[in-house]
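Okay, so here's the structure we're looking at.
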Amino acid sequence: MKVKNFGFRSTVLVLVLVIVLSTMLAARGDIGGGPGDAITPYVPDKKITWDDIKSIKEESSKARTVADLKVKDTHVTQYGEQVGLMYVVGESVSGEPFFKFSGVSESGDKDATDIDFSVVRSFSLLRVDERLFRKDRALLEIVKFPNILPEDLLSRRPSYSELEEHYTQRVRLWVALEGEKNGELYLVGKKLYERHIYQVLARLRDIELNSEVILGYGDTRVEGIANPVPTIWWAIDSVIEDESYPYRRYLAR
Amino acid sequence: MSSEEEKGHIKKNVRRENEVRRGTSIRASPKKLSWLNSRISLLLIGSLLTGILVPWFQISYRAIEWRRQNQFENVSFRLEMMRNCLTQFVYLSACTAEGYELVERFMDTAPLTHKDYEEFEQQCINLQSRRFTQNAKVRSLTIYFRDAGRVKDLVLTYVHNCNRYFDMLRTFVRTKYAISNPTNGEQTDLDEEDLDELRDKIDGYMTTLNNSYKAVIAKMREDIGEVEDESEEFRF
């Protein structure tokens, strides 16, 4: 009776499986260059109150950042901090910007809708309507995250995965591109290397169509924490304990 | 027909003929420029035109083309150097991550042996040496940016922050070594609380480092984008 020799083949197969598995496991580990602990604006081991969340949420609206903003017909990508919106006449920026999207929902609901920057994860410019006898407008798709009230966040204490799954909402909004005094709607912010003044980042209608503009979280100083922390107002303990929570302490590279 | 009638008829014909001759001779071009009609003069005029005008056009076109090509090559070279600077800067930033990785293994509570400490010091020296070489590469390439002064300042700020960060890392390891090896004769009143404080400082300083890193990247990419736009103007 002949005995088939599977020894060599099965050894090779096992070795390949081990190599692949160990590579996958290694890849799941931390990326290096930092402790990888979760970043939160709340003092560790201190009970988080509604006032704490409200205060950080208010800071968060005014502390959003933008990176790699793609603008039509140019290779220049824009970076900015404390981004906001402003109707600008000419090229001079004066006054304070507003930190929300105001417009009318695409579904035709005539009531104006305001979406504060603190609950915006990203937005995309879908379409620009240039109208002859009325003000030009733009259709934006806004990803709201997390679409949850601070009181619900405290009472329900969801994990990050639950926030991703149940509290993410896409909204389409028509936004007026022209203001009252013939101003044009611009995205404004402070440059990373010139943090003292607001400058124009891009005209909203000039943003590349269908490119997602992600709003990051800028830093703020919190009493009880030595270093500036990002204004992730929803980063309570139940959220940051989740392994999939992405905001961790690593060196940027 | 009688001879008188014939004579009259002939005189009429001659008169008519003379009139016709007179008429055609008035309509003819003046005799002064009639030489231009000649084949030889046409040949000479043609040669003059092709011999002077065409080379003049050619030289002018080549001069414009050469200038355009020269500008395009300068812009392309500059763009390449700027992109190289950005790449080298990203490599430089990897050094700080490497530095952290060297120290991370000492962040637990296990004591630090003399052998580990010596090994760390040697690795640190090697890493610093590579970091300084990389610093020099980045700084030498910053001259190609349009806003070279600003880029250089931002890079220097980042380098300064890195230096402070590395000082913190080394202080942490030296402190841990001093705590772990009190019999070495080094008097120390340091304890684990000081180590925790140093650890928090190191972790907290990452924000400053990351912000200065992002500022450099933002400025470099903006300048690179502007030059990329400029290089496209040379395309037909």
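Keep in mind that what you see is a predicted model, and the values were worked out from it rather than measured. Every chain is numbered from 1 and lettered A, B, ... according to where its sequence line falls, protein lines coming before strand lines.
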So, for A:Pro35 and B:Glu104, which heavy atoms are closest and what is the spacing to 0.1 Å?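 Where A:Pro35 meets B:Glu104 most closely, the heavy atoms are CA-OE2, 4.4 Å.
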[atom1] ([X]) with more than 12 external heavy atoms under 6.0 Å:
{"X": "B:Gln58", "atom1": "CD", "answer": "yes"}
{"X": "A:Arg195", "atom1": "CZ", "answer": "yes"}
{"X": "B:Glu119", "atom1": "CD", "answer": "yes"}
{"X": "B:Asn70", "atom1": "CG", "answer": "yes"}
{"X": "A:Lys72", "atom1": "NZ", "answer": "yes"}

Pick whichever of B:Asp203, B:Thr207, B:Val103, B:Leu154 has the most heavy-atom pairs under 4.5 Å with chain A.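 Most pairs with chain A among the choices: B:Asp203.
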Option in B:Lys201, B:Arg199, B:Arg221 with maximal non-hydrogen atom pairs under 4.5 Å from chain A: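 Greatest number of close heavy-atom pairs with chain A: B:Arg221.
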Under the side chain to side chain contact (heavy atoms under 4.5 Å, CB included) rule, what do A:Leu192 and B:Asn211 come out as? Steps first, then yes or no, please. CA-CA 8 Å; A:Leu192 301 191; B:Asn211 285 342; over 6 Å; no
What's the separation between atom CG in A:Leu251 and atom SG in B:Cys162, rounded to the nearest 0.5 Å?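 Answer for the CG-SG pair, A:Leu251 versus B:Cys162, is 8.5 Å.
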Would you give the length of the straight line joining atom CD of B:Glu228 to atom OG1 of A:Thr77, rounded to the nearest 0.5 angstrom?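 B:Glu228 atom CD to A:Thr77 atom OG1 measures 9.0 Å (nearest 0.5 Å).
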So which part of [X] gets closer than 4.5 Å to some heavy atom of chain A, the side chain, the backbone, both or neither?
{"X": "B:Tyr165", "answer": "side chain"}
{"X": "B:Asp200", "answer": "backbone"}
{"X": "B:Arg150", "answer": "side chain"}

Evaluate side-chain hydrogen bond (donor to acceptor under 3.5 Å, both in side chains) for B:Glu226 paired with A:His75, printing each intermediate quantity in order. CA-CA 7 Å; B:Glu226 283 172 8; A:His75 291 280; over 6 Å; no
Residues of residues 216-223 of chain A contacting chain B, heavy-atom criterion under 4.5 Å, by residue number: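 Contacts with chain B: A:Asp219.
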Contacts of type salt bridge (charged side-chain N to carboxylate O under 4.0 Å, His left out), residue B:Asp229, not counting sequence neighbours: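 Checked B:Asp229 against salt bridge (charged side-chain N to carboxylate O under 4.0 Å, His left out); zero matches.
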Has the side chain of B:Asn210 got a donor or acceptor atom that lies under 3.5 Å from a matching backbone atom of A:Arg249?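 No: the side chain of B:Asn210 does not pair with the backbone of A:Arg249.
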Do any of residues 126-143 of chain B come closer than 4.5 Å to chain A, heavy atom to heavy atom, and if so which ones, in number order?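 Near chain A, by residue number: none.
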Side chain to side chain contact (heavy atoms under 4.5 Å, CB included) between B:Lys219 and A:Tyr79, worked out: CA-CA 9 Å; B:Lys219 182 60 186 159; A:Tyr79 289 71; over 6 Å; no
If the condition is side-chain contact (heavy atoms from CB on, under 4.5 Å), which residues does A:Ser118 pass it with, not counting sequence neighbours?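 side-chain contact (heavy atoms from CB on, under 4.5 Å) list for A:Ser118, sorted by chain: A:Lys57, A:Ser60, A:Ser61, A:Asp116, A:Trp233.
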